[in-house]
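Residue numbers start from 1 in every chain, and the chains themselves are labelled A, B, ... in the order their sequence lines are given, proteins ahead of strands. Predicted model only: the values in this text are computed from it and were never measured.
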Amino acid sequence: MEYDAIICFETHVELKTETKLFCGCRVAYDIPPNTEICPVCTGQPGALPVLNKKAVAYAIRAGVALDCTINQRSRFARKNYFYPDLPKGYQISQYELPFCENGHLEITGDDGKPYPVGIKRIHLEEDAGKLVHSSDSFDDADYSLVDYNRSSVPLLEIVGDHERNPLRSIQEARVYLEKLRQILRYIGISDCKMEKGQLRCDVNLSIRPKGATTFNNRTEVKNMSSFRFMMEALEYEMNRQAEILESGGRIEQETLLFDEMKRVTLPMRSKEDAPDYRYFPDPDLLEVNLDDTFIADIKSALPELPHQRVKKIMDAYDIPREDALILTKDKDISDYFTACVLHCQDPKRLSHWIIKEVFRLLKEASAAIKECPIDPENCAELVNLVSQGKVTASIGREILDDMFKTGEHPNAIIDKKGLKPIQDEDQLETLLDGVMNENPKVVSQIKEGNLKPIDFLVGQVMRKSKGKANPKSVIKLIHRKLNP
Amino acid sequence: MELCDRNAMDLAGMLRRGEVSSREITESVFKRIDEREASINAFITTTREIALKQADLADEKFSKGGDLPLLTGIPVAVKDVLCTKGIKTTCGSKILENFVPTYNATAFQKLQDAGAVIVGKANMDEFAMGSSTENSIAGPTRNPNDITKVAGGSSGGSAAAVSSGESILALGTDTGGSIRQPCAFCGVTGIKPTYGRVSRYGLIAYASSLDQIGAIGKTVSDCAMMLDVISGHDPLDTTSSQVEKPDFLKALSKGIDGVRIGIPQEFFAEGLDPKIKEKVLDAVTLLEKNGAQVISINLPHSPFAIGAYYLIATAEASSNLARFDGVKYGYRKSEDDGDCLAMYHKTRTTGFGTEVKRRIMLGTYVLSAGYYDAYYLKAQKARAMIKKDFDEAFREVDCIMTPVSPCLPFALGEKMTDPLQMYLVDIYTVSLNLAGLPGMSLPCGTIDGLPVGLQIIGKPFDEGMVLRAGAAYEQLVEKQI
Ligand SMILES: [Zn+2]
C-alpha cells in the first residue's frame with residue numbers, strides 16, 4: 001500500500017548573540033569547560049534572570065522572515081524538570097504568548113508547485129548545559145561531568161504545524177530543513193552548524209494510506225545529529241509504521257530515540273510516561289511588551305531573503321533560475337556575487353566564472369567563500385577583460401589561479417607574467433605561417449573548401465602563442481590568407 | 001541604658017558627635033549576644049571578627065570626618081536567606097548547611113556600601129516557610145519578651161535580635177507577613193515595602209512574585225533610614241521598579257492631621273483576639289483624636305487571601321526550590337550506586353524539612369496538568385480581585401490600619417502539629433503580598449507583657465504615608481508616657 005506522510009519539525013536553533021539569554025556571559029564554543037559561567041547561568045541561590053534584548057530582536061527577525069504574526073505581548077514560562085545539566089531545575093521557555101505565531105515557509109513541493117509549510121509558533125528559551133559521561137551513556141557511566149558554558153545560551157524553537165500544511169514526504173522534509181537553515185543564515189541569527197549542535201531537530205511523523213483523511217497516531221523522534229541521520233530516521237520510522245499498519249497493528253503515540261550506531265528508532269517513553277512540565281509564567285521576568293517601532297525597525301532592516309535574491313538575479317541580470325539558485329544557496333556566496341556584479345559589465349559570464357572557476361579553486365583549497373582571497377572587484381575586472389576579448393578564457397583561468405594564490409589585480413598578473421594578448425597582426429601572421437608550413441596537408445584541405453580543420457590550425461596557433469593569441473583574430477587571418 | 005538598647009538614629013547622632021565609637025556599639029551588641037543568645041537563638045551565624053573590623057573601619061572614617069551615610073558604623077543583622085559573599089548562607093536548611101555564596105545580595109551590598117556593620121546571619125524558618133521560626137536547622141528562635149513563646153516568623157531571628165539588643169537593625173524578608181508578624185510578636189518595628197521597591201537579587205527565593213526585602217528596627221525612623229539605603233531599581237532584578245525613591249526620612253515629620261485612615265471591617269471580625277482588637281482600635285482612636293479621619297471600609301475578597309496565598313506561594317516555591325538537587329552546591333546525599341535519580345531523591349528527602357517538603361508537594365500538585373486551572377489560575381484571579389479591593393479602598397483613604405496577627409505570641413510547639421492553624425496566623429498580612437502593597441508593623445501596647453502589633457498599609461510605592469502615619473503614632477504614644 002502507498003502512504004502519505006505527515007511530518008512536522010520542532011527545530012531548535014542556537015542564536016549567535018554576543019551574550020547569553022539571561023546573563024552577561026559570552027556565547028562561546030570550543031572553550032575550556034565552565035569558563036563562561038556566572039551565578040545566573042549556574043542557578044545559584046538568589047540569582048535572577050535579566051532578558052537579553054538582542055535575542056528578542058533575533059526571534060522577531062525570524063518571525064518576520066517566516067511570515068509570522070508577532071505578538072506584542074509575550075511572556076516567559078518555566079518548564080520544570082530535573083536533569084543535572086539544567087541548573088535551576090527548570091528551563092525558562094515560553095508557553096502561552098510566544099513571540100511569534102502562525103507563520104509559513106514556502107518550499108517547492110514534490111508536485112513542483114509552491115507549498116507554504118505551516119509554522120505554528122516561534123519562541124525563545126534557554127539552552128541547558130552539557131553532560132560529559134565517563135562512558136558512552138549516562139546509565140553506564142561511572143561518573144558524569146557537567147559543563148555549564150552552554151547553559152542559558154539563547155535557543156529559538158521553531159515549531160511546525162500539524163494541521164496547517166504539514167510536510168508530506170521525506171523529500172519535502174529535506175527541502176524544508178535546508179530552506180529553513182538557509183533563511184536563518186541569511187538573516188544572520190545563527191550559523192546553524194548541526195555538528196556543533198547549533199541546529200537540532202525533533203520530528204513528528206504519522207502516516208496514512210494515500211488519499212485517506214483520518215489521522216493515525218504520530219511518533220516523535222529525537223536525537224538526530226545530522227541531516228543524513230534525520231532523513232534515515234524518517235525513512236526508518238515511515239517503514240516501521242507502514243509495517244505495523246499492514247500487519248493490522250496500531251501506532252502507539254510515543255517518543256523514540258534514533259540510535260545512530262544501529263540506525264534504528266528505539267522507544268524512549270510512551271504517551272503515559274510523558275512528563276508533566278508544570279509550565280507556569282516565570283515570576284522573575286516581566287511580560288514583554290514590544291512597541292510598534294521596535295517591530296517596524298526589525299521589519300525594515302530585514303536582510304534580503306534567498307527567494308528575493310533569486311528573483312533579483314534572474315530579473316536584473318538575465319541569469320537562468322538554476323544558476324541563480326546556486327548563487328543564492330549560501331548567503332556568503334550570494335554576498336560575493338552581489339559585490340562582484342556591481343563592477344561587472346557581463347553578469348552572465350560572471351555567474352559562470354564564479355560557479356565554475358571560483359568554486360573549483362575554493363574546492364581545491366577546501367576554503368569557504370568568505371576566505372576567498374580574490375577581491376570581488378578584481379574578480380569582476382577579470383571577467384570584464386575576458387568579455388572584452390582582452391584575454392582569452394584559458395589565459396583568464398590562469399590569471400584567476402594566480403589571483404587566488406596572490407590576491408593580486410588581474411592586470412598586475414598580466415604584466416608580471418607577460419600574458420598580454422598578441423595584438424600585433426604581423427606577429428600573429430608569423431605564428432600562423434609557421435603552423436601552416438608544418439601542416440601542408442591541412443592547409444590544402446582548407447583551400448579545397450573543407451572548413452573543419454580551421455579549428456585545428458587555430459588550436460595550434462593558440463598553443464604556440466601560449467594562449468595569448470585571440471582566436472577570433474586567428475580565424476579572420478586564416479580566412480584572409482587561404483580564402484577558402 | 002546599654003548602647004545596644006538604643007535605636008539607630010540616636011547612635012548615628014552619638015557617632016557624629018564623637019560620643020561613642022562604632023567599636024563600642026558593636027562590642028555592646030556582642031556582649032548582649034554573649035549574655036542572651038543561648039536562650040534566644042536569634043542567629044545561625046555570628047560574624048564577630050568581620051563586625052569588629054567593619055566597626056574599626058567606620059571609626060576610621062569618622063575620625064577623618066566628612067559627610068557619612070547614617071548607617072555608617074551601625075550593627076545590622078541579616079536574615080540568612082540573603083546571600084552574603086564569603087559568609088555561610090543556609091536559609092535555615094540542611095540542604096544549604098555549608099553553602100557559602102560567591103556574591104552579595106544587592107540589598108546587603110547597599111548596606112555594606114553605606115558602612116553598616118554585619119553582626120551575623122539571623123535565624124529563620126527554613127526557606128522562609130513558617131510563622132514561628134521553629135522550622136530551622138538551627139533550632140527555634142525564642143521571643144525575647146518571654147522565652148517560652150515563639151518569636152514569630154519567618155524573620156524571627158531578625159526581629160528577636162533587634163528586640164533583644166543583639167543587633168540594632170536587621171534585614172528581613174516578607175512573603176506573607178514574615179517581617180510584620182515577628183516584629184509584632186517581638187515588639188519591634190518593621191516595614192515590608194512595595195513589591196519592586198527593593199531588589200530581590202541575592203534573596204534566595206521562596207515565592208518570587210511575593211517575596212520582598214524590608215527593614216526592621218526599634219523605631220519608625222530606624223526603618224526609614226534603612227529603607228532609604230536598600231531601595232531602588234537594580235539592573236540585576238527585572239522586577240525591581242524604576243519608580244523614583246523619595247527621601248523616606250523626610251516623610252516622617254508631616255504629622256497625622258487630615259490623614260484618612262481606612263478600617264476594613266473584614267480584618268476585625270471573627271477569629272481576632274478581642275484584646276488585640278481593643279489595642280489596635282485604641283491606636284486608631286488616638287490618631288483620630290489628633291486630627292486623622294477614620295473611615296470604615298470593606299475589602300470583600302479578603303476571605304480568599306489565605307487560600308490564594310498558599311496556592312501561589314507553594315506553586316512558585318515548588319519550582320524555586322528545584323535547584324537544590326545536590327548537583328552543584330550545598331548538601332548531597334548519595335550512596336555510591338551511581339544512580340542520579342536516587343541521588344536527587346535522597347538529597348531532597350533528607351535535605352529539606354517537613355514544612356518545606358509539604359509546600360513543595362502542595363505547589364507541585366497545584367501546577368500539575370489538570371489542576372492548574374482549578375488552583376493556580378483561580379488563585380491568580382482571587383489575587384487580582386484582592387488587589388482591586390485595595391485599589392478601590394485607596395480612592396477614599398490614604399492608609400489602612402489593621403492588626404498584624406489575630407493572636408498573641410504562642411508557646412513553642414503549640415501550632416507545630418497543626419499546619420492549618422499556623423497558616424491562619426498570616427490572615428491579616430498575606431493580602432498585602434498578594435496586592436504588592438507596602439505595610440508596616442509597629443508596637444501598639446502589650447497584653448500580659450506580650451507585644452501587640454499595629455499594621456499600617458499604604459498605596460503602592462507610598463511607603464512615605466505608611467512611615468508618616470507610623471511616626472505620628474510613635475510620637476503620640478511617647479507624649480502620653
Ligand atoms: Zn552567566
Would you call the rings of F280(A) and Y376(B) parallel, tilted or perpendicular if under 30° counts as parallel and over 60° as perpendicular? perpendicular
Within 6.0 angstrom of K357(B) NZ, more than 12 heavy atoms from elsewhere: yes
Which bit of A369(B) comes within less than 4.5 Å of chain A, counting heavy atoms only: side chain, backbone, both or neither? both
Starting from the C-alpha separation in whole Å, work towards a yes-or-no answer on side-chain contact (heavy atoms from CB on, under 4.5 Å) for N320(B) and R78(A). CA-CA 10 Å; N320(B) 282 332; R78(A) 292 187 186 176; 2.8 Å; yes
When you look at CD of E287(A), are more than 12 heavy atoms from neighbouring residues, nucleotides or ligands closer to it than 6.0 Å? yes
Just so I know, are the side chains of P45(A) and F324(B) near enough to count as touching, which here means a heavy-atom distance under 4.5 Å? yes
Determine whether more than 12 heavy atoms belonging to other residues, nucleotides or ligands lie under 6.0 Å from atom NZ of K16(A). yes
Reported OH-to-NZ distance for the pair Y148(A) and K328(B), which is rounded to 0.5 angstrom: 5.0 Å
Report the C-alpha separation of V40(A) and Y201(B) in whole Å, then their side-chain angles, then the decisive distance to 0.1 Å, and conclude whether the side-chain contact (heavy atoms from CB on, under 4.5 Å) test is met. CA-CA 10 Å; V40(A) 178; Y201(B) 191 79; 4.1 Å; yes
Region of Y329(B) in contact with chain A, defined by heavy-atom distances below 4.5 Å: side chain
Report yes if the side chains of P101(B) and Q44(A) come closer than 4.5 Å at any heavy-atom pair, otherwise no. no
To the nearest 0.5 Å, what is the distance between OH on Y83(A) and SG on C340(B)? 7.5 Å
Heavy-atom pair of closest approach, residues P39(A) and T102(B): CG-OG1, 4.3 Å
Sort T364(B) into side chain, backbone, both or neither according to what part of it lies under 4.5 angstrom from a heavy atom of chain A. both
For the candidates S199(B), S209(B), G202(B), G330(B), which exhibits the highest count of non-hydrogen atom pairs separated by less than 4.5 Å from chain A? G202(B)
Ranking L285(A), D282(A), V146(A), N80(A) by heavy-atom pairs under 4.5 Å to chain B gives rank one to N80(A)
Please classify the contact between D284(A) and chain B as side chain, backbone, both or neither, with a heavy-atom cut-off of under 4.5 Å. both
Between V366(B), L341(B), L82(B), V327(B), the one whose heavy-atom pairs under 4.5 Å with chain A are most numerous: V327(B)
Evaluate whether atom OH of Y95(A) has more than 12 neighbouring non-hydrogen atoms of other residues, nucleotides or ligands under 6.0 angstrom away. no
Could you tell me the separation between the CG atom of D237(B) and the CG atom of L48(A), rounded to the nearest 0.5 Å? 5.0 Å
Please round to the nearest 0.5 Å and tell me the distance separating atom CZ of R323(B) and atom CZ of F82(A). 11.5 Å
Tell me, for Y279(A) versus chain B, whether the close heavy atoms (under 4.5 Å) come from the side chain, the backbone, both or neither. backbone
Consider only side-chain N and O atoms of Y372(B) and R278(A), and report whether a donor and an acceptor are under 3.5 Å apart. no
Interface residues of residues 309-319 of chain B facing chain A - non-hydrogen atoms under 4.5 Å apart: A315(B), E316(B), S318(B), S319(B)
Contact origin within Y365(B) toward chain A - heavy atom pairs under 4.5 Å: neither
Looking at Y103(B), I'd like to know if its OH atom is crowded, meaning that more than 12 non-hydrogen atoms belonging to other residues, nucleotides or ligands lie closer than 6.0 Å. yes
